[in-house]
Amino acid sequence: MTDKFDKTPAASSAGQVSVSKAVTTAPENIKAIPVRHVGRWISGVVVIGLLVALGYAFSQGNIQWQAVGDKLFDKNVVAGAGRTLLISVLAMVLGVILGVVLAVMRLSKNPVTSWVAWLYIWFFRGTPVYVQLLLWFNLALIFPVLNIPFIYKDEMTDVMTPFMCALLGLALNEAAYMAEICRAGIQSVDEGQTEASHALGMTQAKTMRRVVLPQALRVIIPPTGNEFINMLKTSSLVYAVTYNELLRSTSQIGSTSYAVMEMLFVASIWYIVMTSVFSVGQYYLERRFARGSLRSLPLTPWQRVKVNLAAFSNRPSGGVSA
């Protein structure tokens, strides 16, 4: 017979098995050492140096800075800024309305309307705005009298006032660009939306008005805001047709007071202020129309500042713990 082996562990003198307990120690905190970006410091110092040199050059130039402050809110300058806003808003509204019509014509299956819209866009995008303004201003050389049978008849010089020349020149040129922007927005809407609308019995016009255009606005709004900001600056070209907008108002003051450069600085400040204000409005308008396409809206600039301040205040004082 084979002996039976006892598989039970041998007992200690006290009859218990001693178990050794491992002593664990907490790991030390990890000290994060930031990476040094020498190139960033060098480029920052170079940029600051250039800005300081530019500021010093202007401070030593023959510029009457007091005249800039005195004329900044001159009644003629403020009135010129108001006329700049007026002509820009009216030209943009007419340009958007006509641009939508041209975009629909361009996408039409009717070859006549599509060809006419393409010809319009080709001409007004192919000629400078300055030339178009001069064409309207000198239209009386070709048509001395505006004669619409049974409706209206008058001298062309009385019809084509500086305001009318400026409005037509800016609005008709803007319509060509807005037509392409609206066309891109309309084509960005899935064709299934149109097919579903037609299956429900909606007409082509009703589908465009109630289904396609509302969805296309998300694509149309951002470049339209850029176009309006560009319109504020392009309106300075109506100086050529003697419309008394901001640039012409400041230039007249500069020519009589011999402060030409100072008044150009005044005009630049007003243009910067107006474009900055409308840029903020454009940002919030784009954010509103993006609600249906994004799961979460991007933070506003003020919300980003609060988040960064909160993250900075909650940062631990020591190293980064594991």
Side-chain angles (χ1 to χ4, degrees), residues 74-106 112-113 115-180 182 224 227-228 230-257 260 263-264 267 270-271 274:
D74 185 86
K75 61 179 182 179
N76 294 325
V77 174
V78 174
R83 283 187 286 268
T84 294
L85 281 175
L86 175 64
I87 197 68
S88 299
V89 171
L90 292 179
M92 196 67 199
V93 170
L94 292 177
V96 169
I97 295 174
L98 186 56
V100 172
V101 175
L102 289 171
V104 175
M105 291 174 60
R106 181 81 185 276
V112 176
T113 56
W115 182 82
V116 170
W118 178 88
L119 186 64
Y120 179 97
I121 296 170
W122 169 78
F123 175 79
F124 282 94
R125 288 205 311 172
T127 54
V129 185
Y130 189 78
V131 175
Q132 295 174 26
L133 289 169
L134 293 178
L135 286 175
W136 289 110
F137 188 66
N138 296 286
L139 193 62
L141 298 177
I142 304 175
F143 304 105
V145 178
L146 176 62
N147 186 9
I148 303 176
F150 309 107
I151 298 178
Y152 184 81
K153 183 178 182 180
D154 199 354
E155 297 289 335
M156 186 63 74
T157 54
D158 296 333
V159 176
M160 284 299 162
T161 60
F163 174 79
M164 187 60 65
C165 294
L167 180 61
L168 291 177
L170 295 177
L172 296 182
N173 180 80
E174 183 61 33
Y177 291 92
M178 284 304 305
E180 292 299 284
C182 293
T224 302
E227 286 294 317
F228 178 72
N230 186 55
M231 177 69 73
L232 285 171
K233 298 177 292 182
T234 307
S235 63
S236 61
L237 294 177
V238 302
Y239 183 102
V241 296
T242 67
Y243 182 66
N244 200 18
E245 42 76 54
L246 176 61
L247 181 60
R248 187 174 181 82
S249 299
T250 54
S251 298
Q252 289 176 346
I253 298 175
S255 61
T256 56
S257 62
V260 177
M263 296 312 300
L264 290 177
W270 273 99
Y271 281 120
M274 288 188 292

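The model shown is predicted, which means the values in this text are computed figures rather than measured ones. Each residue takes its place number in the sequence, starting with 1.
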Closest approach of [X] to [Y] (non-hydrogen atoms, all atoms of both residues):
| X | Y | answer |
| --- | --- | --- |
| L170 | V129 | CD2-CG1, 4.0 Å |
| V260 | G254 | CG2-O, 3.8 Å |
| A166 | L133 | CA-CD2, 4.0 Å |
| T84 | S235 | CG2-OG, 3.3 Å |
| L172 | Y120 | O-OH, 2.8 Å |
| V100 | C182 | CG2-SG, 3.7 Å |

Side chains of [X] and [Y]: closer than 4.5 Å at any heavy-atom pair?
| X | Y | value |
| --- | --- | --- |
| M160 | W136 | yes |
| V159 | Y152 | yes |
| T242 | R248 | yes |
| K75 | V78 | no |
| T250 | L247 | yes |
| L232 | L85 | yes |
| T161 | Y243 | no |
| M274 | L246 | yes |

Item to check | Q252/M263 under side chain to side chain contact (heavy atoms under 4.5 Å, CB included): CA gap, chis, key distance, verdict | outcome: CA-CA 9 Å; Q252 289 176 346; M263 296 312 300; over 6 Å; no
First locate atom [atom1] of [X], then atom [atom2] of [Y], and finally report the distance between them rounded to the nearest 0.5 Å.
| X | Y | atom1 | atom2 | result |
| --- | --- | --- | --- | --- |
| Y239 | N244 | OH | CG | 10.0 Å |
| T157 | L139 | OG1 | CG | 11.0 Å |
| I121 | M105 | CD1 | CE | 9.0 Å |
| T234 | I87 | OG1 | CD1 | 12.5 Å |
| E245 | L237 | CD | CG | 9.0 Å |
| T113 | R106 | OG1 | CZ | 11.5 Å |

Checklist entry - Judged by atom type as modelled, is there a donor-acceptor pair below 3.5 Å linking the side chain of Q132 to the main-chain atoms of T127? => result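 Looks like yes, one N/O pair under 3.5 Å.
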Item to check | Steps toward side chain to side chain contact (heavy atoms under 4.5 Å, CB included) verdict (V145, E155) | outcome: CA-CA 5 Å; V145 178; E155 297 289 335; 4.1 Å; yes
Item to check | Trace of the side chain to side chain contact (heavy atoms under 4.5 Å, CB included) decision for L102 with F124 | outcome: CA-CA 12 Å; L102 289 171; F124 282 94; over 6 Å; no
